[in-house]
Structure formats: C-alpha cells, structure tokens
Amino acid sequence: MPELPEVETIRRRLEEKVIGRRIERAVVRLGKIIIHPSTREFQRAVRGEQIQGIKRRGKYLIFETPKTRIVVHLGMTGQLTFWDKNRADDREFQVHPLTGLQRARQHSVDKHTHITLFFRDGNALHYRDIRQFGKWRLYRRGEFEKSGFLDRLGLEPFTPGYCWNAFQLQLEGRHRCVKTLLLDQAFVAGVGNIYADEALFEARIHPEAPASSLSQGEQKRLFHAILRVLERGLENNGTTIRDFVDPDGEEGGNQEFLQVYGRKGDNCLHCGTAIQRVVISQRSSHFCPHCQPAQ
DNA sequence: AGTAATCCCTGGCAGC
DNA sequence: TGCTGCCAGGGATTAC
C-alpha cells in the first residue's frame with residue numbers, strides 16, 4: 001500500500017529515468033484505470049508529449065508535460081517500473097516467501113500490466129496493478145489548476161503548510177476517532193494505514209481515542225510523530241509489505257523498522273506487552289495497550 | 001456538513 | 001489435490 005514515503009521514493013527514482021523522454025504512444029490494456037477523461041482522449045493527448053517534471057501531492061504523482069498533467073494514484077498495488085530497451089527482462093517475477101511480493105528488476109507485459117507509455121527512444125514505463133485500485137487521470141495543462149482536484153487534500157507534510165497552527169485547526173471539532181481521522185486525506189495528505197498506526201504508537205495515543213479528546217500535549221506529540229515516521233520511511237526507501245517496489249523493482253527497507261503495524265501478538269519493542277489488533281472503520285489497527293492506553 | 005457504510009479487485013492462505 | 005471462503009485496503013460513492 002503505497003503511502004507518502006513509497007510514492008515519494010518512486011517519484012525520485014522516476015525523475016532520474018523519465019524526465020526529458022517523449023511519449024511515442026500509450027498502450028492501455030485495462031480502460032477502467034483511466035477515469036478522466038477517457039482512454040481514447042488520454043491516448044490522443046499524451047502522444048508526442050515530453051515529460052518535463054514529476055511532482056507529488058499526498059499519494060498522487062503528477063507527470064508534467066507541456067500540454068498535460070497526468071495524475072496517477074497507485075491504489076493498493078500499483079507499480080510503476082521503467083523498462084530499459086538495453087536490459088533483458090527477468091524471466092519471471094520472484095515471489096517473496098514471507099510477504100508474497102511479486103518483484104522483477106524489469107518485466108515484460110503480463111496480465112496485470114495495464115498501461116505502458118512507450119517513449120520515442122525505445123524505452124518504456126510500465127504500470128502494473130494487481131488489485132486494480134489505482135487510477136489515472138489526465139488534465140489539459142490549464143484545466144488542471146482550475147479543476148481543484150488536489151485542493152481537497154489536507155496538510156502536506158514536509159512543506160511550510162504543515163505547521164502546528166494549521167494542524168490544531170484541522171483537529172478542531174473533529175469527533176471521529178483519531179485513527180480514522182489520520183486516514184482521511186483531507187486531514188493530512190499521504191498518511192495511510194501503516195504510517196497512521198506507527199505515528200499513533202510514537203505519540204502514545206490509543207487509535208480509538210476521539211480526536212476531540214486529545215490533550216494539547218497529545219496533539220503536539222501526534223503532530224511531530226507523523227513527521228518522524230514518514231521521514232524514517234523515506235530514509236529507508238519505503239515500506240514493503242506486499243507490493244511496493246521502486247521503478248527498478250527494488251523493495252523498500254522500512255518494514256524492518258515498524259514498531260506496531262503487522263506485529264499482532266509480538267512484544268512491544270518498548271515495554272514487551274503483546275501488540276493488539278483491532279478493526280477501526282474497516283481497517284486493521286495495531287497498537288500497544290500499555291504504551292497507548294485507552295482513556 | 002460531518003460521519004459511517006459499501007463497493008471495487010486479486011492473490012494468498014486456512015480449512016476441509 | 002482442489003475447492004471454498006475469507007482477508008487485505010484507498011478512495012469514490014452513497015446513505016444517513
């Protein structure tokens with residue numbers, strides 16, 4: 001499940017690989033991935049366009065070309081991998097014995113490769129997405145700002161907008177439980193299930209605590225913990241549980257540093273208590289009942 | 001308006 | 001061995 005650190009890792013690697021390349025044509029094998037405007041329009045619009053930049057907002061990647069903005073959300077299992085014409089494809093995906101991750105340094109088109117951007121120089125960019133939750137949108141350059149598509153997203157970590165005042169303001173009058181709020185992209189953009197659990201552990205806050213019940217001190221701890229866990233994820237090139245690979249098919253390393261996520265029944269690294277798992281709004285939540293006591 | 005529930009989708013796995 | 005049923009989960013949509 002690519003969250004901010006995974007998407008940013010992909011963005012950085014892709015930047016090195018695709019900036020300056022010109023799109024010869026787009027092959028779309030699963031039309032429903034492109035939800036705006038239409039597959040045909042998309043293919044027409046990107047033909048001949050040169051990729052000039054790649055931006056990120058929350059979990060969205062934005063490919064910039066002179067006439068368009070291509071907005072990609074990887075959903076749960078989306079992978080963007082560069083296909084180098086001078087490199088041989090791996091014969092098959094290696095499946096990680098524990099995580100089930102399907103990984104290849106470079107792969108040819110398989111049944112999950114839904115979109116390929118072929119570049120004029122003979123290289124390509126593959127989009128592979130097993131669960132098909134990912135979505136691509138295309139906007140004309142001028143239309144993109146006007147669409148306000150990214151405006152509904154909340155605070156962006158690592159930018160001046162992510163400040164203590166704004167954070168407090170966002171928390172005001174929110175009665176939902178804090179874990180649910182963390183998953184809401186209109187609150188803080190880019191936080192998903194893994195980093196939400198990790199941040200709550202670091203801030204020593206029970207995931208089911210109502211957001212409005214947090215003390216000033218807890219709010220402050222959460223504000224800083226979000227940044228810390230995202231930063232650590234970034235330093236380790238993302239967290240690979242099942243599907244995350246960078247454009248070279250490389251896994252992240254942050255799974256080694258997770259303190260609660262996926263550790264149900266294991267000992268808390270801080271106090272030794274068994275980590276618990278509960279379901280909060282259809283999502284699994286992991287926490288230490290001793291370090292993160294309910295009110 | 002704010003919040004909660006439903007749906008989409010596949011592969012892996014437990015259980016029989 | 002092979003089948004069935006369940007689970008993971010981001011976000012758009014719908015319902016309240």
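Being a predicted model, the structure only gives us computed values, none of them experimental. In what follows, chains carry the letters A, B, and so on, assigned in the order in which the sequence lines appear, proteins first and then strands, with residues in each chain numbered from 1.
- An end-to-end axis angle of 50° holds for the helix from B/dG2-C/dC16 to B/dC16-C/dG2, taken from five base pairs per end and rounded to 10°.
- Whole-Å rounding puts the A/Ile194 CD1 to C/dG9 P distance at 8 Å.
- Taking only side-chain nitrogens and oxygens, A/Lys135 never comes nearer than 4.0 Å to OP1 or OP2 of B/dC9.
- Rounded to whole Å, atom C1' of C/dG11 lies 16 Å from atom CD of A/Gln132.
- Residue A/Gln185 places at least one side-chain N or O closer than 4.0 Å to OP1 or OP2 of C/dG11.
- The CZ atom of A/Arg47 sits 7.5 Å away from atom CD of A/Glu24, with the distance rounded to the nearest 0.5 Å.
- Nucleotide B/dC8 holds its P atom 20 Å from the CD1 atom of A/Ile130, rounded to whole Å.
- Residue A/Glu6 contributes atom CD, which lies 13 Å from atom P of C/dG9 at whole-angstrom precision.
- Between A/Arg152 and C/dA12, a side-chain N or O to OP1/OP2 separation shorter than 4.0 Å is present.
- Residues A/Thr81 and A/His126 bring no donor and acceptor atom of their side chains to less than 3.5 Å of each other.
- An OP1 or OP2 oxygen of C/dA12 is reached within less than 4.0 angstrom by a side-chain nitrogen or oxygen of A/Arg137.
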Legend entry - CA sep, side-chain torsions, deciding dist, call: A/Arg176, A/Asp184, salt bridge (Lys or Arg N to Asp or Glu O under 4.0 Å): CA-CA 11 Å; A/Arg176 332 155 72 175; A/Asp184 184 348; 2.8 Å; yes
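- Within 4.0 Å of A/Ser284, counting heavy atoms only, lie sugar-phosphate atoms of the nucleic acid but no base atom.
- Ring planes of A/Tyr127 and A/Trp136: perpendicular class, angle over 60° (limits at 30 and 60°).
- Under 4.0 angstrom from either OP1 or OP2 of C/dG11 there lies at least one side-chain N or O belonging to A/Lys59.
- A/Asp129 places its CG atom 12 Å from the P atom of B/dC9, with the value rounded to the nearest Å.
- As a whole-Å value, the separation of A/Ile35 CD1 from C/dA12 P is 7 Å.
- With distances taken from any side-chain atom of A/Arg174 to the nucleotides B/dT3, B/dA5, B/dC8, the minimum falls on B/dT3.
- The side chain of A/His112 places an N or O atom within less than 4.0 Å of a non-bridging phosphate oxygen (OP1 or OP2) of B/dG11.
- When distances are taken from the side chain of A/Arg131 to each of B/dT10, C/dC7, C/dG10, the shortest belongs to B/dT10.
- For B/dT3, the OP1/OP2 oxygens have no side-chain nitrogen or oxygen of A/His175 closer than 4.0 Å.
- Results of the ring pair (Phe, Tyr, Trp, His ring centres under 6.0 Å) test with A/Phe144 over A/Tyr60, A/Phe149, A/Tyr139 single out A/Tyr139 as the only residue that passes.
- Electrostatic pairing of A/Glu6 and A/Arg11 does not count as a salt bridge here, judged by no charged N lying under 4.0 Å from a carboxylate O.
- Between A/Phe167 and A/Trp164, the ring planes lie parallel to each other; the angle is under 30°, not in the 30° to 60° tilted range.
- Distance from the side chain of A/Leu183 is smallest for C/dG10 among the nucleotides C/dA8, C/dG10, B/dT10.
- Taking atom CZ on A/Phe133 and atom P on C/dA8, their separation rounds to 13 Å, with Å as the unit.
- Considering all non-hydrogen atoms of both residues, A/Val28 and A/Ile115 come closest at CG1-CG1, 4.3 Å.
- In this entry the distance linking CD of A/Gln79 with C1' of B/dG11 reads 13 Å, nearest Å.
- Not a single donor-acceptor contact under 3.5 angstrom links the side-chain atoms of A/Arg283 to the base of C/dA8.
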